[in-house]
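One structure is given below, encoded as structure tokens.
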Amino acid sequence: MPMEKVPQTRWAWVEIDRGALRRNVRAFRGLLGPRQRLCCVVKADAYGHGAAECARVMQSAGADMFAVATVMEGVRLRESGITLPILLLSEPPIGAIPLLLEHEIMPTVYTMEFALAYGEGAVQAGTVGKYHLAIETGMNRIGVHYTEVLEFRRGIDFHRGLACDGVFTHFATADDVDGWDYRLQCKRFDEAVRAMQDAGFSCGTVHCDNTPATMLDTTTRYDMVRVGIGLYGLQPCEAAAARMPLEPVMSVRARITRTTHPAMGEGVSYGFTYRVPRTAVQICTIPLGYADGLSRTLSNRMDVLYRGERAHQVGNICMDQCMFAIQQTPIHQIPEAEHGDMVTIIGRDGDAEITMDEMARLRGTINYEVACDFGMRLEKVYL
Ligand SMILES: *Cc1c(COP(=O)(O)O)cnc(C)c1O
């Protein structure tokens, strides 16, 4: 990568491949019919990828709506110039209502108290408050129970300040679309939607699919799908990976800030959990630590890529830095690493690659969390 793209103030950064993001968005768009809409989920700063910049790319690549998790995420999207509809995937405190109305952020609604306060706020502001109704079909997280949607709609729909722009549910087990649990959620959602339609309540945009459901089940797309992880080129599960290739969008890189050859037996980093086992071991430091999303639980267990080859990370990962070792052997002579050389923590280097999935397995978590974590502090470079 060209040197001028590297942040000037720190030798560790996240690279975001806008071309890959655009192609992933188009690939999901391509799964949909002409009247089906694509809601791009950009919560948690676009899963760590930077919501403002990613939303711009998504908007030009065919997004119809954006979804966020918090009111402030929605406000920041508006401040960055996004004009498409924004859906808040949760029901916020009543105190957030003025901001929702000011920035045209559609809240999720599932309590009458919030819904009526939102309607009142809208009337006072001389507007109509659009909302999406969350339906509880089995995840047991948020929403109006699927058997109580009519009662709920009757309790709020009289309000002239409210307009139902959509109804949705969320799947707990969309990685197993043949499973009984998933099928039951589908059936309950369909029942609830039909009940509202039969009773004359307009449902607006009906939606339930997340990334795995969108990739694995063509029958539940309704009017819109809500795709998150897949847009960033990360597979939600193995079954999905077999269906559709995606291009990873985020890479994590650093430059070596120091190299040294400690004597055999010397320790490295806090607690000396690694000691130099023999001569001819070069210890290299990179300015990337657990406050950047490189979990400390990976200490002494992960690799980085240097000159297209794997090298073991050694010693405890610190808050802002960590070390790795280059071991010369008589049969494998590597050139000495130098101050300023590039290291890949996530991504490709030549033929070698370290994926979010590899790091997620090592950490005992999912790629979603690994990506979000790298979004915390590292500067982002958009390619
Ligand atoms: C996060 C989220 C999504 C997106 O899920 P992915 O698996 O990343 O596609 C969709 N809907 C809701 C309600 C969510 O919370």
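Only heavy atoms go into these numbers, but all of them, side chains included; no hydrogens, no water, no symmetry mates. For ligands, and for the atoms within them, numbers begin at 1 and follow the listed sequence.
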Near R310 CZ, under 6.0 Å, is it more than 12 heavy atoms from other residues, nucleotides or ligands?
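Yes, the 6.0 Å shell around CZ holds more than 12 heavy atoms from other groups.
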What do you reckon, is CD of E151 surrounded by more than 12 foreign heavy atoms closer than 6.0 Å?
no
Protein residue, atom and distance nearest to [atom], heavy-atom basis:
{"atom": "atom 10 (C) of ligand 1", "answer": "R226 NE, 3.5 Å"}
{"atom": "atom 7 (O) of ligand 1", "answer": "Y368 OH, 2.7 Å"}
{"atom": "atom 8 (O) of ligand 1", "answer": "Y47 OH, 2.6 Å"}
{"atom": "atom 9 (O) of ligand 1", "answer": "T211 OG1, 2.4 Å"}
{"atom": "atom 13 (C) of ligand 1", "answer": "H170 ND1, 3.6 Å"}

Give, for atom CZ of R78 and atom CD of E102, the distance between the pair rounded to the nearest 0.5 Å.
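With rounding to 0.5 Å, CZ (R78) is 11.5 Å from CD (E102).
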Please report the interatomic distance CG(L89) to CD(E73), rounded to the nearest 0.5 Å.
9.0 Å
In terms of atom number and element, which parts of ligand 1 are under 4.0 angstrom from non-hydrogen atoms of L89?
12 (C), 13 (C), 14 (C), 15 (O)
Run the numbers for me: atoms of ligand 1, each under 4.0 Å from some heavy atom of K43, listed by number.
1 (C), 2 (C), 3 (C), 14 (C), 15 (O)
Kindly confirm or rule out an N or O of G228 lying under 3.5 angstrom from an N or O of ligand 1.
yes
Under 6.0 Å between ring centres: does that hold for Y222 and H207?
no
Could you tell me whether ligand 1 has any atom less than 4.0 Å away from a heavy atom of R141?
yes
Is it the side chain, the backbone, both or neither of I229 that has a heavy atom closer than 4.0 Å to ligand 1?
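Both backbone and side chain of I229 come within 4.0 Å of ligand 1.
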Going through the checks in order, is the side chain to side chain contact (heavy atoms under 4.5 Å, CB included) test met by E338 and T259?
CA-CA 7 Å; E338 286 179 32; T259 71; 5.8 Å; no
Lys/Arg N to Asp/Glu carboxylate O, D157 vs R153, below 4.0 Å
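A salt bridge links D157 with R153.
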